[in-house]
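All ligand and atom numbering here is 1-based and tracks the order in the structure. Since we're looking at a predicted model, the values are computed, not measured.
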Amino acid sequence: MTVKPTTHSSHWGAFTAVLDNDQLVVIPFSGDPDPSPLLKNFENALNHKVRIATPMVRRGWLENGPGPDDRRGADEYIAVTWEEAYALASGELARIAEAYGPESVFGGSYGWSSAGRFHHAQSQVHRFLNTTIGGYVRSVNSYSSGAASVILPHIVGDMNEIARRGVSWEEISEHTDLMLSFGGLALKNSQVASGGLSEHTERGFIDKAAKRGTKFISVSPLQSDMPDEAQGEWLAIRPGTDAALILALLHVLKSNGWTDEDYLARYCVGWDKMVAYIVGAEDGQVRDAVWAAEICGISAARIEKLAEELHGKRVMISVAHALQRAEHGEQPVWLGLVLSAALGQPGLPGGGYGYALGALGHYGKHHNQVSYPALPQGKNGVKDFIPVARISDMLLNPGQEFRYNGETRRYPHIKLAWWAGGNPFHHHQDLARLRQAFNQLDTLIVHEVAWTATARHADIVLPATMTLEREDVGGAPTDRHLFAMQPVAKPFGEAKDDYTIFAELAKRLGREEAFTEGRSARQWLEHLYGQMQEKCQQQGIDVPNFSTFWDIGQLQLPQLKDGGRLLRNLRNDPEQHPLPTPSGKIEIFSQTIADFNDADCPGHPVWLEPTQKPDAGNPLYLIANQPATKLHSQLDYGKHSVSQKLDGREICRLHPQDAASRGIKIGDTVKISNSRGTVLASVDISERIMAGVVQLPTGAWYDPQDPQAEKPLCRHGNPNVLTLDVGTSSLAQGCCGQITIVEVARFEGTAPAVQAFEPPVVLYR
Ligand code: PGD
């Protein structure tokens, strides 16, 4: 049977979908100039064998009861009815909350889930725990921008102002002479944006800018980080050394009298301290081009020439998220800003600083005048929190002190974790350690669409509908279109949406009314839309009522063109528009940060040697960056993602020299190893990666040959087996997943087959 096309939206684009005799056909939104190939991942997803059809309970938990257990990840599952699952999950939550309080429940539940704003799984978890047991231990910041989101408010302003409301692509295409991008502007990153992205415009604007004469320079270990349309120059840099390069650029600019001293004096504080550091007055070490060349691998002559090229031009500096997902990740973020200030560029049309420009589809766009509201989450009565990437530390070390943003705090003692819409066995570092951490829990409850490794470690698995199986509204503050996400198919098996699951659980905890406020999912959509409509009316914006919107399937909202306003307003009138920093200016030196007294993040930006530096045992850097064939780990079993693997494994890239010296050829299977474990991957060999570096994107579902091994071997290619689980610094404690060190060797013999998309053993009673 053929049914009428429905509108829908995802983090990687809007589309219409038709289910024709069980075959899903996805047609990109007609207004999208450059639709993402990721849309194809939906086409085989609805009925894939790895979907979860019924609620499941881990055998060990069912037979032995809650408690620490080393069989998580290696156990069988028992299919149960929804009635049984509701009783077990609500009973366990009530037991833990009564015995240990809500401060023993972790509800951080990090993850991107789906684009729909109402069924946003993390918000649903938070609302459920707040309205039923009075709160939960939360997590702060994100895996994307853990370091930047903490340091930027100290030195310039809120990250959203700097990144989401930064200088627009439109302005860059019209005014910028030179765009210097630390970490590049890879289109694989800007093809996604949380909440939805209906128009992929980055390629077009980069093309327009290049044709007008903008020179693009990408500083990265990977040439592929710069789109071909930029016709740019690639400066290959050793991973994690951008801070040293920028310090040397500042040194050359200062030595040649090319710094804008008026700008620095009027709009910044602390330039004198920065100068003392780069010229060696602080500690005797001069940070000049020769010094930096040794560290970053770019010649001193090229560094000097680059400084000269920057002088006297309209320059835009961007620093990708990736740079701060590494040890001392705060430093390149801070130094990118200092470089733009030294050039006197912030606030000029097409000039200044664009933190994370190109790293997500939200950035460099215009903002909607009115946004679709979020689901209210209620009040959290628990004060404890962790920086999001410190999950293993928390579970393994209850009561231990940790530093965060100038404070010394203690990890709470967690007994139960509730996760929906995230995949920590994709997103977290050092997966063997993460498994040990989850093994400490009494109970792990996970809502999932499919058998991810996270679901396979859960004690209670509740099958969630995927976005195509339910109603929602898709939209983002940086996307002028709002979409009715109309269901395309019936729920798979007995899957239910997260809201229904939580409403049923709340009923069993005697808190249904508090959780639902008497509304069905459809009534919530209407209610939230009504709030947006009211705000629109107050501002004279005409929007149709909900049922008309639902029938039409989409809506266009007016946008403001105020990108870059923070630094522009400062430039135009610093007295009227000071920055929200203690000095009201750009803080090249921050007294606040200096007073925190943390040696790994002093009061002005510095170069600090990372521990992840190649040595005899691990002679190569590993870059574990964002994948091009899926969003994170979502729909890894999807058509497009699978078509880009080889022998079912994720592909890593090596430089010809590194491959030749190890006898590795294109198409081989290799072992990528370090002290934390081993990952198998298929091989591509390319000149577009720096020698000494191997690249393996994240996203391949964790597929351990022996899930209980101390040093696991992942058959599929998940680099987080290898990455180091430490915070960026005592300031932000952000994720360091981007860079680690490894050795690579050819796999001899027959490599074990990938099992990632085979469901676990399930016993039906
Ligand atoms: P996703 O794969 O998006 O990864 O980590 P994140 O956990 O967000 O996981 C979302 C999960 O939600 C999927 O398993 C999907 O099936 C499920 N899901 C989707 N819709 C629903 C729903 O409606 N309900 C429920 N219950 N589930 C749903 C991403 C994180 O990884 C991020 S943001 C970044 S930036 C980091 N990047 C790196 C990196 O660059 N390098 C390394 N080494 N590690 C990283 N990890 C981080």
Would you say H362's side chain and S194's backbone share a donor-acceptor pair under 3.5 angstrom? yes

Show which atoms of ligand 1 fall inside a sub-4.0 Å distance from at least one heavy-atom site of N423. 7 (O), 9 (O), 14 (O)

Tell me if a side-chain donor or acceptor on Y77 pairs with a main-chain N or O of R456 at a distance below 3.5 Å. yes

Looking only at heavy atoms, is any part of H426 under 4.0 Å from ligand 1, and if so is it the side chain, the backbone, or both, or is it neither? side chain

Atoms of ligand 1 under 4.0 Å from any heavy atom of N720, numbered from 1 in the order shown, are 42 (C), 43 (N), 44 (N)

Taking distance alone, with N or O pairs closer than 3.5 Å, would you say A624 contacts ligand 1? yes

For ligand 1, is there an N or O atom under 3.5 Å from any N or O atom of T698? no

List every atom of ligand 1 that sits less than 4.0 Å from any heavy atom of A464, numbering the atoms from 1 in the order shown and giving each element. 24 (N), 25 (C), 26 (N)

Quick one: salt bridge (charged side-chain N to carboxylate O under 4.0 Å, His left out) partners of K671, sequence neighbours excluded? none

Test of proximity, N625 against ligand 1: N or O pairs below 3.5 Å: no

Answer yes or no: does an N/O atom from S144 fall short of 3.5 Å to an N/O atom of ligand 1? no

Which of the numbered atoms in ligand 1 are below 4.0 angstrom from a heavy atom of D498? 22 (C), 23 (O), 24 (N), 25 (C), 26 (N)

Between F438 and H457, ring centroids under 6.0 Å: no

Between Q377 and N130, a side-chain donor and acceptor under 3.5 Å: no

E469 and salt bridge (charged side-chain N to carboxylate O under 4.0 Å, His left out): which single residue from K496, R51, K490 fits? R51

Here the atoms of ligand 1 under 4.0 Å from any heavy atom belonging to S114 are 19 (C), 20 (N), 21 (C), 23 (O)

Considering H11, H120, H427 one by one, which has a heavy atom nearer to atom 30 (C) of ligand 1 than any of the others? H427

Per-atom filter on ligand 1: closer than 4.0 angstrom to a heavy atom of E448 are 11 (C), 12 (O), 13 (C), 14 (O), 15 (C), 16 (O), 17 (C)

So, the side chain of T698 versus the backbone of N625: is there a donor-acceptor pair under 3.5 Å, distance only? yes

Strictly by modelled atom types, are R676 and T740 linked by a side-chain donor-acceptor pair under 3.5 Å? yes

For ligand 1 and A420, I'd like to know whether there is a polar contact (N/O to N/O, distance under 3.5 Å). no

Are G421 and ligand 1 in contact, using a heavy-atom cut-off of under 4.0 Å? yes

Can you tell me if Q429 has a non-hydrogen atom under 4.0 Å from ligand 1? yes

G737 heavy atoms within 4.0 Å reach ligand 1 at atoms 41 (N), 42 (C), 43 (N)

Is the backbone N or O of L444 less than 3.5 Å from a side-chain atom of D459, with the two atoms forming a donor-acceptor pair by type? yes

Check this for me - ligand 1, S633, N or O atoms closer than 3.5 angstrom, yes or no? yes

Presence of salt bridge, R127 and D498, under 4.0 angstrom: no

Can a side-chain donor-acceptor contact be found between Y136 and H126 if the only test is distance below 3.5 angstrom? yes

Against heavy atoms of R470, which atoms of ligand 1 measure under 4.0 Å? 22 (C), 23 (O)

Any nitrogen or oxygen of R325 lying under 3.5 Å from a nitrogen or oxygen in ligand 1? Just yes or no. yes

